[in-house]
There are 2 protein chains.
Amino acid sequence: MPRHIYNCSEGCPVESTLQIISGKWKSVIIYHLIKKKHCRFNELQKLMPNCSRRMLSLQLKELKSDQIIDKTIFPTVPPKTSYQLTALGETLTPLILEMEKWGDKYNQLHE
Amino acid sequence: MPRHIYNCSEGCPVESTLQIISGKWKSVIIYHLIKKKHCRFNELQKLMPNCSRRMLSLQLKELKSDQIIDKTIFPTVPPKTSYQLTALGETLTPLILEMEKWGDKYNQLHE
DNA sequence: CAGTATCCAAGCGGATACTG
DNA sequence: CAGTATCCGCTTGGATACTG
């Protein structure tokens, strides 16, 4: 899987950030994990009706490999999982909340 | 051109923000326009060596149609253009600077 | 419940050549 | 200089079916 979308030209830290959160649904996932602290797989799905199960799975996997989120598996029947932010992931909170703020204002303008 | 990537589920303003800035190079363009106030086409190209002329053109066009940037054309020979943020575009500054900040810290961790 | 595997279509995006 | 037009390969991502 190609993870070198941006070559991160020196002098542009924004590209480094994009490297981590620019996946189609990543910042939305992080947003929901900020709000709810932890979420199960199907719970996330309901919060993001336009994201397919396949895509959700892929995005979660990349976020995990970038150490932004953690996954806890409870070996029960039926199986149960829980996704939550890591310490690194939590440092994205101010950024994601800025996205929320801007989106709110933008929606006010356009309704 | 399909602009309805996200259906902007109610309750998730982050999706609205993504609708505007999630293009592959958009936040990088905005970042440079924040820093330099105005930029010419080739100037932006040099700042973003990994973005092709074609992509740069497309992203600028979308940002303009979303009223995030403006374009001034000087009818000289050779032709000269200048891109700058609109008032709406400037409201993205806190968000983009958060991206810069996070990228900076992330780069420090990983070098 | 929480995923993975396979298949396949659409469109993203690079390379190249051309224009005002 | 500042783009646009055309071609085309490759990835993205949906649909569907299957698994522990």
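In what follows, chains carry the letters A, B, and so on, assigned in the order in which the sequence lines appear, proteins first and then strands, with residues in each chain numbered from 1.
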- Query: For the pair made of CG in B:L63 and P in D:dG3, what is the distance, rounded to whole Å?
  - Reply: 13 Å
- Query: Which base sits across from D:dC8 as a Watson-Crick or G-U pair, both distances under 3.5 Å?
  - Reply: C:dG13
- Please report, rounded to the nearest Å, how far the C1' atom of D:dA2 is from the CG atom of B:L47. 16 Å
- Item | Value in whole Å for how far the C1' atom of D:dT12 lies from OH of B:Y6 | 13 Å
- Message: At 4.0 Å (heavy atoms only), tell me whether B:R53 reaches a base, stays on the sugar-phosphate, or touches nothing.
- Response: base
- Message: Applying the Watson-Crick and G-U wobble criteria at under 3.5 Å, what pairs with D:dG20? Answer none if nothing qualifies.
- Response: C:dC1
- Query: If you check the A:M55 side chain, which of D:dG13, D:dA2, C:dG14 turns out closest?
  - Reply: D:dG13
- Query: Below 4.5 Å, heavy atoms only, C-beta onward: do A:V28 and B:C12 meet side chain to side chain?
  - Reply: yes
- Whole-Å distance, A:H38 NE2 to C:dA2 P, equals 13 Å
- Message: Return whichever of A:L60 or A:R54 has its heavy-atom-nearest nucleotide of DNA chain C closer to the 5' end.
- Response: A:L60
- Task: Give a yes or no answer on whether the side chain of A:S82 reaches the backbone of A:T72 with a donor-acceptor pair at less than 3.5 Å.
- Result: no
- Task: Could you check how far CD1 of B:I73 sits from C1' of D:dG3, rounded to whole Å?
- Result: 10 Å
- Item | Phosphate contact (D:dG14 OP1 or OP2) by A:S52 side-chain N/O below 4.0 Å | yes
- At under 4.0 Å, does any side-chain N or O of A:K71 touch on OP1 or OP2 of C:dG3? yes
- Task: Provide, to the nearest angstrom, the distance between the CZ atom belonging to B:F41 and the C1' atom belonging to D:dT4.
- Result: 10 Å
- Using the salt bridge (charged side-chain N to carboxylate O under 4.0 Å, His left out) rule, take B:K35 and B:E100 through it: C-alpha gap first, then chi angles, then the decisive distance, then the call. CA-CA 11 Å; B:K35 293 296 179 185; B:E100 176 191 29; 3.1 Å; yes
- Message: Is the phosphate of C:dA2 approached by A:S57 (side-chain N or O, under 4.0 Å from OP1 or OP2)?
- Response: no
- Message: By the 4.0 Å heavy-atom rule, please label A:F74 as base, sugar-phosphate, or nothing.
- Response: nothing
- OP1 or OP2 of C:dA2 sitting under 4.0 Å from any side-chain N/O of A:R40? yes
- Task: Specify whether A:F41 and A:Y83 have parallel, tilted or perpendicular ring planes, treating 30° as the upper limit for parallel and 60° as the lower limit for perpendicular.
- Result: tilted
- Query: How many Å lie between CD on A:E62 and P on C:dT4, as a whole number?
  - Reply: 13 Å
- Query: So if you build clusters from Ile, Leu, Val, Met, Phe, Trp, Tyr with side-chain heavy-atom gaps below 4.5 Å, do B:L33 and B:F74 land together?
  - Reply: no
- Query: B:I29 has an atom CD1; how far is it from atom C1' of D:dG3, in whole Å?
  - Reply: 14 Å
